[in-house]
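Read the structure below first, then the notes.
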Amino acid sequence: MRSRSARPFSPPLSLVFGALLTLLALSAASSFLPPAGWKTIAGLAIAAVKTGLIALFFMRLKWQRGLIRVVAAAGIFWLALLATLLSADYFMRGRW
Amino acid sequence: MNPATPIVTGDAAAEARATTNQLGMWVFLTTEILLFGGMFVVYSLYRGVYPAAFRQGGQTMDFWLGTLNTAVLLTSSLFMAVADRAVRANRRRQVTACLLVTILLGLAFLGIKSYEYHAKYAAHLVPGSRFRAGGGRAPQLQIFLFLYFAMTGLHAVHMIGGVAAVSWLLALNVRGRLSPARAEPVTMVGLYWHFVDCIWVFLYPLFYLVGR
């Protein structure tokens with residue numbers, strides 16, 4: 001049985017950095033493809049994955065206790081609420 | 001008993017202090033998410049209304065400098081994270097080296113940004129009475145460039161604060177005031193530094209890739 005005190009998976013920081021640079025290269029390379037609607041979504045998705053890597057490993061959220069993770073998630077939650085209500089207001093009023 | 005005397009001492013107290021510090025920093029970062037978040041929402045709404053002007057605006061951006069600056073910031077974050085591990089491992093010289101590299105990369109980022117701002121100024125792309133671009137779409141193009149200056153400007157102000165904070169860490173380390181038992185300042189400033197990095201990670205596709 002695995003001991004509870006076993007160290008959780010901790011990748012070397014250089015590996016995380018390599019992944020970040022690879023994602024940046026991917027994002028930059030996509031801009032050389034012909035224009036398409038999916039490119040914005042792809043760019044933001046790559047940014048989200050990069051932020052996830054930074055938050056988990058550089059900001060050490062992976063090893064934090066629940067309380068701090070909840071506070072970090074709350075920030076994203078309030079932002080989602082702000083965006084949703086603002087967009088709802090905009091769409092309810094119709095186009096400018 | 002002196003009221004300032006801690007009731008809990010030793011490892012438990014140190015751990016509680018570290019949690020409290022980090023919790024405080026995360027609460028601050030949450031307010032920062034909303035500060036920048038409001039601007040991201042404004043960007044999204046205007047981009048939905050004026051997609052053509054935003055594409056045109058994106059073409060005024062320097063793709064290569066934006067990409068280079070993203071790499072510079074990601075690298076600075078790596079060195080900040082290594083400094084955090086080094087201080088906990090009591091490797092003082094490595095901490096000094098990493099903090100120094102972080103500061104230099106932060107300054108390099110600000111230098112490249114200043115160069116870009118100057119190029120925009122010279123090309124009359126700063127919103128206002130001297131704005132000369134876009135023809136019939138000039139008003140909408142100015143909204144895009146206003147958002148560019150407001151969002152990257154607010155980010156740059158955060159970078160200046162970050163460079164000042166890392167310089168303070170460097171001074172603490174040189175004077176021998178950082179140790180595995182007193183590593184919290186590095187973790188706190190690190191959280192802030194990485195957060196500012198994350199903001200740029202989103203600014204990059206929204207401004208530098210939108211016109212491509």
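Chain letters run A, B, ... following the sequence lines, proteins first, then strands; residues in each count from 1.
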Flag side-chain contact, heavy atom, 4.5 Å: A/I46 against B/P205: no

Residues of residues 20-29 of chain B near chain A, each having a heavy atom less than 4.5 Å away: B/Q22, B/L23, B/W26, B/V27, B/L29

Among the listed options B/T70, B/L78, B/V82, the residue most often paired with chain A at heavy-atom distances under 4.5 Å: B/L78

Non-hydrogen atoms of B/Y204 and A/A28 that approach each other most closely: OH-CB, 3.5 Å

Between A/V16, A/V71, A/L67, the one whose heavy-atom pairs under 4.5 Å with chain B are most numerous: A/V71

Side-chain donor or acceptor of A/K39 paired with backbone N/O of B/R212 under 3.5 Å: yes

Portion of B/L206 that has a non-hydrogen atom of chain A nearer than 4.5 angstrom: side chain

B/R55, part contacting chain A, at a heavy-atom distance under 4.5 Å: neither

Which of B/T75, B/V210, B/T67 touches chain A most, by non-hydrogen pairs under 4.5 Å: B/T75

Qualifying residues under salt bridge (Lys or Arg N to Asp or Glu O under 4.0 Å), relative to A/R60, sequence neighbours excluded: B/D84

From A/L24 atom CG to B/L73 atom CG, the distance as rounded to the nearest 0.5 Å: 10.5 Å

Verdict with supporting geometry, B/F195 and A/M59, side-chain contact (heavy atoms from CB on, under 4.5 Å): CA-CA 8 Å; B/F195 170 81; A/M59 299 171 92; 4.0 Å; yes

B/T19 portion near chain A, given a 4.5 angstrom heavy-atom threshold: both

Heavy-atom pair count under 4.5 Å with chain B, highest-scoring of A/L20, A/I68, A/T40, A/L44: A/I68

For A/S27 against B/L209, the heavy-atom pair lying closest together: OG-CD1, 3.4 Å

Note, B/F40 side chain near A/L79 side chain (heavy atom, < 4.5 Å): no

Reported OH-to-OH distance for the pair B/Y46 and A/Y90, which is rounded to 0.5 angstrom: 10.5 Å

A/T51 side chain reached by B/F202 side chain, heavy atoms, under 4.5 Å: yes

Toward chain A, the part of B/W64 with a non-hydrogen atom under 4.5 Å: side chain

Over 12 foreign heavy atoms within 6.0 Å of CZ, B/F146: no

Segment of B/Y208 engaging chain A (4.5 angstrom heavy-atom cut-off): neither

Under the salt bridge (Lys or Arg N to Asp or Glu O under 4.0 Å) test, residues paired with B/E32 that sit two or more places apart: none

Contacting moiety of B/S44, where chain A heavy atoms sit under 4.5 Å: neither

Enclosure of B/R177 CZ (heavy-atom neighbours >12, cutoff 6.0 Å): no

Heavy-atom pair count under 4.5 Å with chain B, highest-scoring of A/S31, A/P34, A/G43: A/S31

From CH2 (A/W78) to CG (B/L34), nearest 0.5 Å: 9.0 Å

Any residue meeting side-chain hydrogen bond (donor to acceptor under 3.5 Å, both in side chains) with B/T60, in chain and number order, not counting sequence neighbours: none

Max heavy-atom pair count under 4.5 Å with chain A, selected residue of B/G38, B/G37, B/G190: B/G37

Side-chain touch A/I54/B/L74, heavy atoms, less than 4.5 angstrom: yes

Ring geometry between A/F58 and B/H194 (parallel below 30°, tilted from 30 to 60°, perpendicular above 60°): tilted

Proximal component of A/L81, with respect to chain B [non-hydrogen, under 4.5 Å]: neither

